[in-house]
Structures are given as structure tokens and as C-alpha cells.
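To start, the structure under review is shown below, and the notes come after it.
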Amino acid sequence: EESLRRRYALMQHPRIVQALDRLWAAANTDETDQLLDRAEYQVMHRKLVLALDPSTPPSEAVETAEEDWGRDSEGEEGLDKERFCWCWFELADVWTETMEAAEYETFLTRTMSMITSTDKSGRVMWRDDKEVEP
């Protein structure tokens, strides 16, 4: 229970919130809704695989994306922002060694810098697959 409280507090940390907001802006490319649909999720997942484990064979990446979509979407049409943030937070939880805000922020911002860029108007968007570097 203490771990859950600490994780919830981390989710409220301003720098973590800022990183998650940037990731949401890149992922939710359809501005007419507030859901990350399956197609948007698959693009995001591909970028993550390229950044975190580029040796993953494409067929395995597609299979993993389908499994992850089933778990992350919880049977819904898409992920709302809250669910999206929890999914990213869980990913950070797996890839970090401590429960320190600085380490979560570092993971999120480092990953974000590998898979997103900002255009001239300040809009956050995905990098082309060729630009994603591990």
C-alpha cells in the first residue's frame, strides 16, 4: 500500500506530469477526440520498440503491440489521457530501479527525446522511424 501511495505521488510530480503531457500531445494525433485509438497506439508502440529494443524482430513487435493493446485498453475503444499516463508510468516503473521522481523523469524525458520532436510552431510530434535512435 505504501508503494501505491508513493507511485501516486510520483504521478503528480510536476516534471513527470509535464513529460506525460508532451507524450500525450505526440500520441493523440486526432484532435477531434480525447482518446488514443488502436492505430495511434500502434504507431506509439512501434516508436517505443525502436527506441528501447531495436533488435526486436518486426513480427514480435507487432504481436507484442497487440498483447499490450489488449491489456492497456482494457477492452475499451481507446485510452483516455488518464489511462495513457498510467500506462506510461507503468513502463517507467519497469525501466527504472528506484521510486525517485528524478529517475522516472529521466526515463520519460530520455525516451521522449528519442521518439518525439517539436516542429517550428512548438507542436510535439513523433519522429520518423528512421530518426528514432536507441
Side-chain angles (χ1 to χ4, degrees):
E1 202 170 304
E2 176 61 27
S3 291
L4 288 175
R5 272 195 286 268
R6 287 185 67 194
R7 283 179 174 86
Y8 183 76
L10 282 173
M11 282 285 296
Q12 310 309 310
H13 192 283
R15 292 185 309 224
I16 292 173
V17 169
Q18 182 180 25
L20 292 170
D21 284 347
R22 279 183 56 90
L23 287 163
W24 173 256
N28 187 27
T29 58
D30 181 357
E31 297 175 5
T32 65
D33 66 17
Q34 289 300 304
L35 282 178
L36 187 73
D37 63 32
R38 185 183 213 126
E40 291 167 322
Y41 182 93
Q42 288 170 336
V43 169
M44 177 188 72
H45 197 281
R46 184 178 69 246
K47 307 283 184 202
L48 274 168
V49 169
L50 287 170
L52 298 176
D53 188 7
S55 66
T56 304
S59 60
E60 185 179 324
V62 169
E63 183 179 318
T64 302
E66 286 301 312
E67 291 169 5
D68 290 348
W69 168 256
R71 184 180 56 255
D72 291 345
S73 69
E74 298 180 326
E76 299 293 329
E77 289 182 41
L79 281 67
D80 62 12
K81 187 176 180 184
E82 181 179 355
R83 183 72 189 132
F84 171 87
C85 290
W86 272 110
C87 292
W88 268 92
F89 189 79
E90 288 172 356
L91 182 67
D93 204 39
V94 169
W95 283 79
T96 55
E97 295 181 18
T98 70
M99 288 181 58
E100 299 299 321
E103 189 174 1
Y104 278 66
E105 178 198 5
T106 297
F107 170 79
L108 292 169
T109 56
R110 182 176 45 89
T111 304
M112 184 174 50
S113 71
M114 290 187 288
I115 63 177
T116 66
S117 62
T118 305
D119 69 11
K120 291 178 184 177
S121 70
R123 191 178 118 240
V124 181
M125 58 193 182
W126 295 128
R127 290 183 184 274
D128 290 335
D129 287 354
K130 292 178 265 178
E131 297 175 334
V132 174
E133 295 184 28

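Using a 4.5 Å cut-off between side-chain heavy atoms of Ile, Leu, Val, Met, Phe, Trp and Tyr, with links allowed through other members, Y41 and W126 fall into the same hydrophobic cluster. Each of M112 and V17 belongs to its own hydrophobic cluster when Ile, Leu, Val, Met, Phe, Trp and Tyr are linked at side-chain heavy-atom distances under 4.5 angstrom. Both Y8 and L10 sit in one connected hydrophobic cluster of ILVMFWY residues. Membership requires side-chain heavy atoms under 4.5 Å apart, directly or through other members. I115 and V43 end up in the same hydrophobic cluster when Ile, Leu, Val, Met, Phe, Trp and Tyr side chains are linked at under 4.5 Å.
Within 6.0 Å of CD on E1 lie no more than 12 heavy atoms contributed by other residues, nucleotides or ligands. Summarising the local packing, CD of E66 is surrounded by more than 12 heavy atoms from other residues, nucleotides or ligands at distances under 6.0 Å.
Proximity of a side-chain donor or acceptor of R127 to a complementary backbone N or O of S113 within less than 3.5 Å is detected. When atom types are taken as modelled, the side chain of E40 and the backbone of T29 share a donor-acceptor pair closer than 3.5 angstrom.
Side chains of E103 and T98: a donor on one and an acceptor on the other come within 3.5 Å.
The pair E67-R71 does not count as a salt bridge, with every side-chain nitrogen at least 4.0 angstrom from each carboxylate oxygen.
Contact of the W95 side chain with the L52 side chain is registered, since non-hydrogen atoms from C-beta on lie closer than 4.5 Å. Looking at M11 and L20, their side chains come closer than 4.5 Å, going by heavy atoms from C-beta outward. Residues F89 and R7 are in side-chain contact: their nearest non-hydrogen atoms beyond the backbone lie under 4.5 Å apart. With contacts defined as side-chain heavy-atom distances shorter than 4.5 Å, the pair E90/V94 does not qualify. No side-chain heavy atom of H13 sits under 4.5 Å from any side-chain heavy atom of Q18. By the 4.5 Å heavy-atom criterion applied to side chains, N28 and D33 are counted as neighbours.
For the atom pair R38 CZ and W69 CH2, the distance stands at 6.5 Å (nearest 0.5 Å). Taken to the nearest 0.5 Å, the CG atom of L91 stands 10.5 Å off from the OH atom of Y104. Distance check: T64 OG1 to L48 CG gives 12.0 Å after rounding to the nearest 0.5 Å.
Closest approach of D53 to T56, counting heavy atoms only: O-OG1, 2.9 Å. Nearest heavy-atom pair, F84 versus M44, reported as atom, atom and distance to 0.1 Å: CE1-SD, 3.5 Å. Nearest heavy-atom pair across R22 and V124 is NH1-CG2, 3.4 Å. Of all the heavy atoms in A101 and I16, the pair that sits closest is O-CD1, 4.0 Å. Here the closest non-hydrogen pair linking C87 and L79 is SG-CD2, 3.8 Å. The shortest non-hydrogen separation linking L108 to A19 is CB-CB, 3.9 Å.
Applying the side-chain hydrogen bond (donor to acceptor under 3.5 Å, both in side chains) definition to pairs two or more places apart or across chains, those involving residues 74-88 are D21-K81.
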